[in-house]
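Since we're looking at a predicted model, the values are computed, not measured.
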Amino acid sequence: CSSRGAQRTRNSDALAVVDSGTCMAFVVADGVGAMGASPLASTVAASAAADWARSRFAVALDEVPSLLTSVNDAVANALRERGEAGATTLACAIVADSSAIVATIGDSEVLAIGPAGAARRLNELDHVPGRPNVLLAWIDGEAEFELHAVALDALPYRMCLVTDGIVKVLDYRRIATIVRKTPPSIAARALVLAAQDFGATDDVTALVFSADLAADTRLNAAF
């Protein structure tokens, strides 16, 4: 689920989900700042990350550089055609056989949520401590960077990918509570609505899935 912020004229967030039958990709991206083509950058980055996963039969950390190249090249080409500046964060979970690779750049977050307790962030953040709006790294098709990557041998009870518009207004305990009390198929919408209720002014995007991906697929089909 994604929604434009109350003080924004357009939604610069993007998300993508792909299921190739052997590999699944879940992606959120947040267009950076006031650069005119950032919404394009986020949309292209999310789509490129999902496309990269379509032909995968397994996931491994040593394949992350290939993901980086695919996304960065796609963003560079799109921005070059537009002739404008843009940049985006990226947070993705590539899942195969109940294991996953989490790869991120920027300040979008991948959260693990257990049956109890607060959500736990799985990725490093690329922003100045105490100044979350000031990023240290992003994808713009030009600057060199490294994706933060971590391998998960098993999926958590719930996994949640969110742009910073969510975590600016909802703490990890509240996020976990919301996600646990609703089915994965509607938890993302519940998070977005809660963030708006708590005064979110930024664009807000959430993507939620569970360790039981087959059940998630059936529930999403029902909605």
Between Asp153 and Ser98, is a side chain to side chain contact (heavy atoms under 4.5 Å, CB included) present by the stated rule, with each step listed?
CA-CA 8 Å; Asp153 293 332; Ser98 297; over 6 Å; no
4.5 Å side-chain heavy-atom contact, [X] and [Y]:
{"X": "Phe209", "Y": "Pro184", "answer": "no"}
{"X": "Val167", "Y": "Val162", "answer": "yes"}
{"X": "Leu152", "Y": "Leu122", "answer": "yes"}
{"X": "Val208", "Y": "Leu191", "answer": "yes"}
{"X": "Val18", "Y": "Phe26", "answer": "no"}
{"X": "Thr104", "Y": "Leu147", "answer": "no"}
{"X": "Thr89", "Y": "Trp138", "answer": "no"}
{"X": "Lys168", "Y": "Val204", "answer": "no"}

Counting N and O atoms only, with roles assigned by atom type, does the side chain of [X] sit under 3.5 Å from a partner on the main chain of [Y], one being a donor and the other an acceptor?
{"X": "Asp203", "Y": "Arg4", "result": "no"}
{"X": "Thr205", "Y": "Thr163", "result": "no"}
{"X": "Arg121", "Y": "Ala112", "result": "no"}
{"X": "Ser99", "Y": "Ala96", "result": "yes"}
{"X": "Ser38", "Y": "Val32", "result": "yes"}
{"X": "Asp140", "Y": "Ala143", "result": "yes"}
{"X": "Asp126", "Y": "Gly106", "result": "yes"}
{"X": "Asn72", "Y": "Leu68", "result": "no"}

Closest heavy-atom contact between [X] and [Y]?
{"X": "Ser12", "Y": "Pro39", "result": "OG-CG, 3.5 Å"}
{"X": "Phe145", "Y": "Ile139", "result": "CZ-CG1, 3.3 Å"}
{"X": "Leu15", "Y": "Cys1", "result": "CD2-N, 3.7 Å"}
{"X": "Ala188", "Y": "Ala206", "result": "CB-O, 3.3 Å"}
{"X": "Leu155", "Y": "Ser210", "result": "CD1-O, 4.2 Å"}
{"X": "Ala41", "Y": "Leu79", "result": "CB-CD2, 4.4 Å"}

Sorted by first residue and then second, give each salt bridge (charged side-chain N to carboxylate O under 4.0 Å, His left out) pair with at least one member in residues 54-70; sequence neighbours left out.
Asp51-Arg54, Arg56-Glu63
Which pairs count as salt bridge (charged side-chain N to carboxylate O under 4.0 Å, His left out) when at least one residue sits in residues 84-96, sequence neighbours excluded?
Arg82-Glu84
Quick one: [atom1] on [X] to [atom2] on [Y], what's the gap to the nearest 0.5 Å?
{"X": "Glu124", "Y": "Glu109", "atom1": "CD", "atom2": "CD", "answer": "12.5 Å"}
{"X": "Leu111", "Y": "Ile113", "atom1": "CG", "atom2": "CD1", "answer": "6.0 Å"}
{"X": "Asp97", "Y": "Phe57", "atom1": "CG", "atom2": "CZ", "answer": "11.5 Å"}
{"X": "Thr88", "Y": "Met35", "atom1": "OG1", "atom2": "CE", "answer": "9.5 Å"}

Determine, step by step, whether Ile175 and Ile166 satisfy the side chain to side chain contact (heavy atoms under 4.5 Å, CB included) criterion, reporting the C-alpha distance in whole Å, the side-chain angles of both residues, the deciding distance to 0.1 Å, and the verdict.
CA-CA 9 Å; Ile175 288 173; Ile166 296 283; 4.0 Å; yes
Do [X] and [Y] belong together in a cluster built from hydrophobic side chains that touch within less than 4.5 Å?
{"X": "Leu193", "Y": "Leu207", "answer": "no"}
{"X": "Leu125", "Y": "Leu90", "answer": "no"}
{"X": "Val169", "Y": "Tyr172", "answer": "yes"}
{"X": "Val17", "Y": "Val102", "answer": "yes"}

Check against side chain to side chain contact (heavy atoms under 4.5 Å, CB included), Trp52 and Val71:
CA-CA 8 Å; Trp52 179 88; Val71 174; 5.9 Å; no
Judged by modelled atom types alone, do Ser2 and Asn11 share a side-chain donor-acceptor pair under 3.5 Å?
yes
Heavy atoms of other groups near Asp197 CG, more than 12 under 6.0 Å
yes
Assess whether side chain to side chain contact (heavy atoms under 4.5 Å, CB included) is satisfied between His127 and Leu135, documenting all intermediate values.
CA-CA 4 Å; His127 65 58; Leu135 293 186; 3.9 Å; yes
